Number of protein chains: 2
Amino acid sequence: MNASPRRKELTRLAAQLFVQEGFDKTTVRMLAQEMGIKSGSLFHHFKDKQEILAAVIEEGTHNALRIARRALEYSPTDPEARLRTMARAHLETLFTDRNAHVVALFEWRRLDDEAKAHLSHLRDAYEALWVEVIDAALEAGLIHGDRFLVSRFVLGALNWTVRWYDPAGPRTPDDLADELVGMIIPAKR
Amino acid sequence: MNASPRRKELTRLAAQLFVQEGFDKTTVRMLAQEMGIKSGSLFHHFKDKQEILAAVIEEGTHNALRIARRALEYSPTDPEARLRTMARAHLETLFTDRNAHVVALFEWRRLDDEAKAHLSHLRDAYEALWVEVIDAALEAGLIHGDRFLVSRFVLGALNWTVRWYDPAGPRTPDDLADELVGMIIPAKR
DNA sequence: CTCTTACACTAGCGCTTGCTTGGTTACTCA
DNA sequence: TGAGTAACCAAGCAAGCGCTAGTGTAAGAG
């Protein structure tokens, strides 16, 4: 709700700590120290610890949606290019905003029901983009299989990259995206 | 180390709770109650909470390795069949021993360094099976791409199934496995 | 009939947790 | 100049945490 610049910065720091330590192991005292304030002052910005988590996830998902929409807007319209665009956008988002997304992926269950209900709308909107692109690729005969399963598998493969991919290595996120797309569409070289 | 039947049963119950609540949120009192004993008695079976986690993960990974090896043993030897066999074995393990594997996948970071070192050998042995099968498929020209990336993508897609797959639904784990293999090898229907 | 072993219990210690309270400081704007 | 407000702090409470110490009991081994 509130979006003061101070709160945004605190959210960014919280995301980092949540990734490093996990939500449960991150204490309000650790959060406060990282932010350069005392633990009590934290509750001036956030109603409770839960709300910090929700803020982190909301911020991340919001960005992902924005980046993907913009990327599709400027993408060529043929199904293969759009598939590649979505894969690239997904990984771009995943690694520029890494902390927030890792939290969204692995600490989702820690949200209370209210926050989950609110945030799952955002997430569904994002997944809808994927389903749309994959449907087009299926109809064009570019890939084959069940639309539901294909999108789950692709998203799974992409999301799992946060567990092993090292941005400092020789491969760029775009390399990964292209490799994945190349893997699921029949070769034509 | 120790493997009394009592301890094995306790490990199974612990896995269930760890999945339900997460490792950090699961208290020794909750564990004890689920086991029908008092919290103090728990430490007769396990040195500390960490050791329970390690026992859960060890048990699961051990089973996965056993099942995969046995499946490969009885599999036809052509690369496509072996790929399908590994995918099926992976999902079979993932869903018969679901709790243990979810814990292994998502609570790994909670292990102390010593346990990590010990258990990562087991995990590496399992991944080696995958690399071997995927190498054969690449050499046979069945799939294309980088061996490292392909195996990461495939494992990612498979592991991610625990986040969305409902065993009570219409699809069997074998269906999923076949669909995934069908997705990455060029169609020939 | 004793000794050992496995398993469980009661009681609680020492510490950390999320969060509250009551007050202070610095800045903005009429 | 004075009122209002956003940001912070010091102090600490109540609850819950992992784990320990010491004891009891029943079953099997010698």
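The structure displayed is predicted, hence computed values, not measured ones. Lettering of chains follows the sequences in order, A, B, ..., and the numbering in each one begins at 1.
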| Is any side-chain N of the basic residue among A:D166 and A:R171 closer than 4.0 Å to the acidic one's carboxylate O? | no
| Roughly, in whole Å, what's the span from CD in A:Q33 to P in C:dG18? | 14 Å
| message | Does this structure show an ion pair linking A:E51 with A:R7, if we count only N-O contacts that are shorter than 4.0 Å? | response | yes
| field | Nearest to side-chain heavy atoms of A:K38, which nucleotide of D:dC9, C:dA8, C:dT20 | value | D:dC9
| said: Among C:dA8, C:dT17, D:dA7, which nucleotide has an atom closest to any side-chain atom of A:T27? | reply: C:dT17
| request: Answer yes or no: does atom CD of A:Q33 have more than 12 heavy-atom neighbours from other residues, nucleotides or ligands under 6.0 Å? | output: no
| query | Atom CE of A:M30 and atom P of C:dT17: how far apart are they, to the nearest Å? | reply | 8 Å
| field | Under-3.5 Å donor-acceptor pair between B:R29 side chain and D:dG18 base | value | yes
| said: How many whole angstroms separate atom NZ of B:K49 from atom C1' of C:dC15? | reply: 15 Å
| said: For a side chain to side chain contact (heavy atoms under 4.5 Å, CB included) check, start with the C-alpha distance between A:H144 and B:M183, then their side-chain angles and the critical distance, and finish with the verdict. | reply: CA-CA 6 Å; A:H144 43 281; B:M183 194 176 98; 6.0 Å; no
| field | Euclidean distance, atom CZ of residue B:F43 to atom P of C:dG12 [Å, nearest integer] | value | 18 Å
| said: Nearest to the B:I37 side chain among D:dA7, D:dC19, C:dC9, which nucleotide is it? | reply: C:dC9
| task | Identify whether any heavy atom of B:S41 sits under 4.0 Å from a base atom; if not, whether one sits that close to sugar-phosphate; answer base, sugar-phosphate or nothing. | result | base
| B:H45 side chain N/O closer than 4.0 Å to the phosphate oxygens (OP1, OP2) of C:dA8? | yes
| remark: Here the distance between atom P of C:dA6 and atom CD of B:E9, to the nearest Å, is 20 Å
| How close or far is atom C1' of D:dA6 from atom CG of A:L10, stated in whole angstroms? | 13 Å
| query | Starting at the 5' end of DNA chain C and moving along, which residue's nearest nucleotide shows up first, A:G40 or B:S39? | reply | B:S39
| Knowing that exactly one of B:F18, B:F106, B:W108 qualifies, which makes a ring pair (Phe, Tyr, Trp, His ring centres under 6.0 Å) with B:F23? | B:F18
| Of the candidate nucleotides C:dA8, D:dA6, C:dT17, which contains the atom at the shortest distance from the side chain of A:H44? | D:dA6
